[in-house]
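Inspection log for the structure reproduced underneath, given as structure tokens.
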Amino acid sequence: MKALVVGGGGREHAIAWKLARSARVQTVFVAPGNGGTAADPALHNVPITDLAELADFAAAEGVALTVVGPEAPLAAGIVDLFRARGLRIFGPTQAAARLESSKAFAKDFMQRHGIPTALYAAFTSAAQAHAHVDEHGAPIVVKADGLAAGKGVVVAATAAEAHAAIDDMLGANTLGVQHAGGVARVVIEEFLDGEEASFIVVSDGRDALPLATSQDHKRVGDGDTGPNTGGMGAYSPAPIVTPEVHARVMREIVHPAIAGMARDGTPFTGFLYAGLMIDTQGRPRVVEFNARLGDPETQPILMRMKSDLFELLMHACDGTLDKADLQWDRRVALGVVMAASGYPGRPRTGDLVTGVPADSDELMVFHAGTALHDGRLVSSGGRVLCVTALGDSARVAQQRAYDGVGRIHLDGAVWRRDIGHRAIRPR
Ligand code: AMP
Ligand code: GLY
């Protein structure tokens, strides 16, 4: 059978790589893909990003399953479009994707369904937003309502920072947020203390099957300093999600969310990603929902998946998730993102990427912002590679991933030196 992966980042490279390992899959198309998917003989890049043209392509090729990586095509309604044409696609409808595309929608939804999350208020008026900050003080969190590739959030340590973020988000918009419904709006939230984890489930609209847990590193600098990014590295599993915490997340967050979406008439089919903050008592609260897999969490998660991703997603599309088989490698997987000089602000592109180690059972280099030009690999985006390794412990996986990073040359590359630090006990 043929599969199509929509997107061109590291997450999509990992999805395509994993789908291609299924005995039932002959061909995997990636649209538009990147330099890594171009170089892999098992994968075929398709230079299409227009949604209607993608549906035409899937129909003409007889694609059995389309999997959507990023949020933008989901928010634009790719799933509705494919379904209307009788094409099997895994992802949420436009209405269900609002759990990610509109923070205000997600917050109202959680409040309505009793899902634990930070207190919040939404504003379109800068004056009212400033008054709210004056009233509540810092630390406080200011978020742009819309899609911002993980960058539209300011965790303000001082009131001055919060005021500046409001002025930017409701004014100059230097972060380049795509406003939900075309209206500039900010959500101001209570600051949650604790440790974060990414908890992602596969849902067919009724049942939810949890994937292995993971933890991302959102800040650009070592020790979680500097601005937020799309994610600088991740590992799986996340030790903070103990069996007790896992059970609470399923009971207090995942089941109410899936049941709530169904009850509201917008059943959630797809990957539901709950970004969690877990406090010292092991109480999980939702920082955000995403309507897709995480990037870079997907890279380590899929390296640990022993069962067949294609089979799993076929079951999820056909409403038979209860028949799916899901098995995990007991080892730890850890991925380090190598980003371009200037990331996350203005990444430089067009640099040569050399020395990329060959893929093995223990080391995979997933590509994100790369392109193949005349057989040469060059950088073409902010996050360039995610060097991902398996190991018997977090320390071994970390060592192996950094050995891989050390062999790669990319002028001015930026990467964190401490991916996985929370999973590694001091010696
Ligand atoms: P988001 O895009 O909503 O996931 O936010 C990006 C990052 O900002 C999160 O991963 C957290 O590290 C941080 N963050 C967001 N909301 C809060 C909050 N209410 N309290 C503390 N940190 C937060
Ligand atoms: N790594 C965070 C995200 O994909 O949203």
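Each ligand, and each atom within it, is numbered from 1 in the order the structure gives.
- In terms of polar-atom proximity, Arg11 is not counted as a contact of ligand 2, lacking any N or O under 3.5 Å from an N or O of the ligand.
- Remark: ligand 1 atoms within the under-4.0 Å shell around heavy atoms of Val141 are 16 (N), 17 (C), 18 (C), 19 (N), 20 (N).
- Using a 4.0 Å cut-off between heavy atoms, Leu192 contacts ligand 1 through both its backbone and its side chain.
- Between Phe109 and Phe105, the angle of the ring planes stays under 30°, which puts this pair in the parallel group of the 30/60° scheme.
- In the vicinity of Phe191, heavy-atom distances shorter than 4.0 Å reach the ligand 1 atoms 20 (N), 21 (C).
- For ligand 2, the polar-atom distance check against Gly294 finds no nitrogen or oxygen pair separated by under 3.5 Å.
- A donor-acceptor distance shorter than 3.5 angstrom exists from the side chain of Asn45 to the backbone of Asn34, with no hydrogens or angles considered.
- Which parts of ligand 1 touch Asn228 is read off a 4.0 Å heavy-atom cut-off, strictly below it: atoms 7 (C), 8 (O).
- Residue contacts with ligand 1 for Asp216 are absent, since no atom lies close enough (heavy atoms, distance under 4.0 Å).
- Counting the atoms of ligand 2 from 1 in the order shown, those under 4.0 Å from a heavy atom of Glu297 are 1 (N), 2 (C), 4 (O).
- Of the N or O atoms in Asp216, one or more lie within a sub-3.5 Å distance of an N or O in ligand 2.
- For Arg330, the CZ atom counts as loosely surrounded, since its 6.0 Å shell holds 12 or fewer non-hydrogen atoms of other residues, nucleotides or ligands.
- Within the 4.0 Å heavy-atom cutoff, Pro296 counts among the residues contacting ligand 2.
- A donor-acceptor pair under 3.5 Å is absent between the side-chain atoms of His136 and the main chain of Glu190, judged by distance alone.
- Ionic pairing of Lys306 and Asp325 is not present here: no N-O contact between side-chain nitrogen and carboxylate oxygen is shorter than 4.0 angstrom.
- Between Cys386 and Val337, some side-chain heavy-atom pair lies under the 4.5 Å cut-off.
- The backbone N or O of Val387 sits nowhere less than 3.5 Å from a side-chain atom of Gln299 that would complete a donor-acceptor pair.
- Within a 6.0 Å radius of CG in Asp50, more than 12 heavy atoms belonging to other residues, nucleotides or ligands are found.
- Note: Phe29 and His44 have tilted aromatic rings, judged against thresholds of 30 and 60 degrees for the angle between ring planes.
- Taking every heavy atom of Lys143 and a limit of under 4.0 angstrom, the matching atoms of ligand 1 come to 3 (O), 15 (C), 16 (N).
- Close contacts between ligand 2 and Arg292 involve ligand atoms 3 (C), 4 (O), 5 (O) [criterion: under 4.0 Å to a heavy atom].
- Each of Asn290, Leu293, Leu276, Asp216 was checked for a side chain to side chain contact (heavy atoms under 4.5 Å, CB included) with Ser198, and the lone residue meeting it is Asp216.
- The shortest heavy-atom distance from Gly275 to ligand 2 is not under 4.0 Å.
- When heavy-atom distances to ligand 1 are checked against a 4.0 Å cut-off, Glu190 comes that close only through its backbone atoms N, CA, C and O.
- Here Glu288 does not pair with Lys143 in a salt bridge; the nearest charged N to carboxylate O distance is not below 4.0 Å.
- Short contacts between ligand 2 and Asn290, defined as distances under 4.0 Å to a heavy atom of the residue, involve ligand atoms 5 (O).
- Here is the list of ligand 2 atoms found below 4.0 Å of a heavy atom in Lys218: 2 (C).
- Contact atoms of ligand 1 toward Val153: 1 (P), 2 (O), 3 (O), 5 (O), 6 (C), 8 (O), 15 (C) (distance under 4.0 Å to a heavy atom of the residue).
- Checking side-chain atoms of Arg348 against main-chain N and O of Asp411 turns up a donor-acceptor pair under 3.5 Å.
- Near Val155, the atoms of ligand 1 lying under 4.0 angstrom from a non-hydrogen atom of the residue are 8 (O), 13 (C), 14 (N).
- Residue-ligand proximity, Gly230 to ligand 2, at heavy-atom distances under 4.0 Å covers atoms 1 (N), 2 (C).
- Distances from atom 11 (C) of ligand 1 to the heavy atoms of His217, Arg285, Glu189, Glu196 put Glu196 nearest.
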